[in-house]
Each structure stands twice: as structure tokens, then as C-alpha cells.
Amino acid sequence: MIVVTGATGNIGRPLTKALAEAGEQVVAVSRHAAEVPDGVRHQVADLSDPASLDLSGAKALFLLLSGDLHAVGARPAELVERAAAQGVRRVVLLSSLGVRTRPFGTTRVELRGLEDILRNSGLDWAVLRPGGFASNALWWAEAVRTQRTVAAPFGDTALPIIDPADIAEVAAAALRSDRNGVLELTGPEVITPRQQAEAIAAALGEPVRFHELTRAEAKAGMEQLMPGELADDTLDILGSPTPDEVAVSPDVEQVLGRAPRTFADWTARHVEAFR
Ligand SMILES: NC(=O)c1ccc[n+]([C@@H]2O[C@H](COP(=O)([O-])OP(=O)(O)OC[C@H]3O[C@@H](n4cnc5c(N)ncnc54)[C@H](OP(=O)(O)O)[C@@H]3O)[C@@H](O)[C@H]2O)c1
């Protein structure tokens, strides 16, 4: 049996589906009750309280920690200890490319520490380090629906954003493999926010205006969703990416045997959110 945390999110939904379709017994974990694919069992647990997570009978665990966990003082290392104590043999941790490219700031230091704890746990392990997600474009959905406008900072700075469905497919493969290692996950090409707005317009078949926000305007909006420190870190990446953050990684293609999906592909599958 494979336990998937973050099971109702951008990665977790396609991941539980892919594992179930591959014939695995899957337990989908989130705090709120939710519909899950046929044959999948749902478990309510809060990762800020490791004792609430029942891993008995699980051979593998997909561990996805939402960004606000550290804000509530959670100790995710206990989740790894709990996995080992309950007989789990393999953990696949969703980390972040920023752990390597910007190894400072509280959340990244903690995430790096968790990677190290997993590596030294005696469990089989894989660490997935994705860059920015295509699904972050859903932040623009309401403004596109109501004003046909994308408002974003750094309109002409390109990054190789990744489709969460590709992260899910790589995670499914990693959970069913016995190879330890770090995989860095990006999309197939770099794309700017202005080009993302054009892709959304093409999918809608209607013009979408691009309005460039200042960094301060963008930060004010992002602080509704994340701590100020994380908003600043994210804005640093969006505005001044390092060479490592604009590089396209070969890892998705090496694992899946095909190129990563494009932003246009993600947009075509999510166009209703923008209509
Ligand atoms: N967005 C990016 O560009 C980016 C880049 C690199 C890494 N990441 C990482 O990707 C992860 C987010 O992945 P995602 O987009 O798939 O997530 P998401 O769509 O935001 O979904 C989060 C999932 O986690 C569950 N969850 C949240 N808090 C929980 C808790 N305390 N206990 C148990 N379950 C909890 C949610 O369900 P409930 O609310 O019902 O609990 C939901 O199933 C984060 O770790 C983030 O740091 C994101």
C-alpha cells in the first residue's frame, strides 16, 4: 500500500489516480474529507500532528508538506521517524529546487534539513526538487475571468515552469522504484509571464491583457497566500533567477521517457478555470 499526502492538491490528485491505475492500493491523505478516485481510500490527518497519520501496512509514503506547516511550528522530521517506526520502507519527499539554488531562508533551511534526515534515516528515499509550477497561473484565474487581464510582476523574465501532472508522474515512478536519489524537475522550455498570458488567451480564443505589477504590488498580493519572507524569496526567483533556475533539467525526460509537458498543454487542460 502507498500513502499519498497532499492528496487533494495539484500533484496529489493526478498522483493518486496514476498509482491506482497502475494497480497499487492507495491511501489519500488530507485534512478535509474529499472525493478520491475509485478504489482509493481517504484518510483524514493533519501533518502538523504526526500522530494523526496512520501508516500501518504502508510500504511507501509520498510526503508533501504544505508551505504553511512551518508557520504553525510543525516538526516534519517526526513524520520520517513515524514512517520508519510503522514499517514504511520508502519515502519520496516533495522538496524544492530552491533548496539547492537558494540554500538560505527559514523554509529552505528546514526543507534541506528534512532531506538530510530522510537520507540518513535508513529508509529508501527519493527527493523531488521541482521549480515553479504551471498551476501558479491559477492565481490569475479570477482576474482573467472577470477582466481578461493577467497582472503579474517581471513580465519578461522566463523560467522553465513545470506541469504538476509531470511531477505526479515522476513521483509515481519514484514510489514504485527502489533507486535512491535527487531528481530536479522543470518544464521543457523557459516561458515568461507575458507568454503565459498569451497561452491562456490562445486557449480561450480571446485576447487577454498583460498588466505588469511592481514588486511591491505583487508582494502585497502574495502575502495573502504565504509568509512575507517566502513571498520575497519567490519574487527574487521570479525577478532575478540564477542560471541554475533558468536551466532546463533532463530528469523528467529521463524518468518518463518523454519530454515534459508545455505550459500550453497545462492551459488547455485548465482552460475552464479562466473562462
Ligand atoms: N507552487 C510552486 O511553484 C512550488 C515550487 C516548488 C515546490 N512547491 C511545493 O509544492 C507543495 C505544494 O504542492 P501542491 O501545489 O500539489 O499543493 P496544493 O495544491 O496546495 O495542495 C495541498 C495539499 O496538502 C493538503 N494539506 C495542506 N496542509 C495540510 C496539513 N497540515 N496536513 C495534511 N494535509 C495538508 C491539502 O488538503 P487539505 O487542505 O484538505 O489538508 C492538499 O491536499 C508545497 O510543499 C510547496 O512548497 C511549490
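When a ligand or atom number is given, it counts from 1 through the structure's own listing order. Note that this is a predicted model, so its numbers are computed, not measured.
Protein heavy atom nearest atom 38 (P) of ligand 1, with residue, atom name and distance: His32 ND1, 3.4 Å. Summary of contacts: the protein heavy atom closest to atom 48 (C) of ligand 1 is Phe133 CZ, 3.3 Å. For atom 45 (O) of ligand 1, the closest non-hydrogen atom of the protein is Leu65 O, 2.5 Å. Nearest protein heavy-atom contact of atom 30 (C) of ligand 1 is Arg31 CD, 3.4 Å.
Ion pairing between a basic and an acidic side chain is recognised when a charged N comes within 4.0 Å of a carboxylate O; Arg119 and Glu115 show such pairing. Salt-bridge annotation for Asp236 and Arg215: present, with a side-chain N of the basic residue lying under 4.0 Å from a carboxylate O of the acidic one. Here Arg90 does not pair with Asp178 in a salt bridge; the nearest charged N to carboxylate O distance is not below 4.0 Å. Salt bridge status for Arg75 with Glu81: absent, with no side-chain N to carboxylate O gap under 4.0 Å.
Remark: atom 4 (C) of ligand 1 lies closer than 4.0 Å to at least one protein heavy atom. Of the protein's heavy atoms, at least one falls inside 4.0 Å of atom 43 (O) of ligand 1.
Of the possible polar contacts, none joining the Asp265 side chain to the Arg261 backbone as a donor-acceptor pair under 3.5 Å is found.
Residue contacts with ligand 1: Ser135 is placed with no nitrogen or oxygen under 3.5 Å of a nitrogen or oxygen of the ligand (distance criterion only). Geometrically, ligand 1 and Val29 share no nitrogen or oxygen pair separated by less than 3.5 Å. Of the N or O atoms in Ser66, one or more lie within a sub-3.5 Å distance of an N or O in ligand 1. Checked by distance only, ligand 1 and Ser48 stay at 3.5 Å or farther apart across all their nitrogen or oxygen atoms. Polar contact check, Ser96 against ligand 1: no nitrogen or oxygen pair lies under 3.5 Å apart.
Within the listing of ligand 1, atoms 30 (C), 31 (N), 32 (N), 33 (C) sit less than 4.0 angstrom from a heavy atom of Leu47. Of all atoms in ligand 1, listed by their number and element, those nearer than 4.0 Å to a heavy atom of Leu94 are 9 (C), 10 (O), 11 (C).
Cluster membership for Phe133 and Val255, using ILVMFWY side-chain heavy atoms within less than 4.5 angstrom, is shared.
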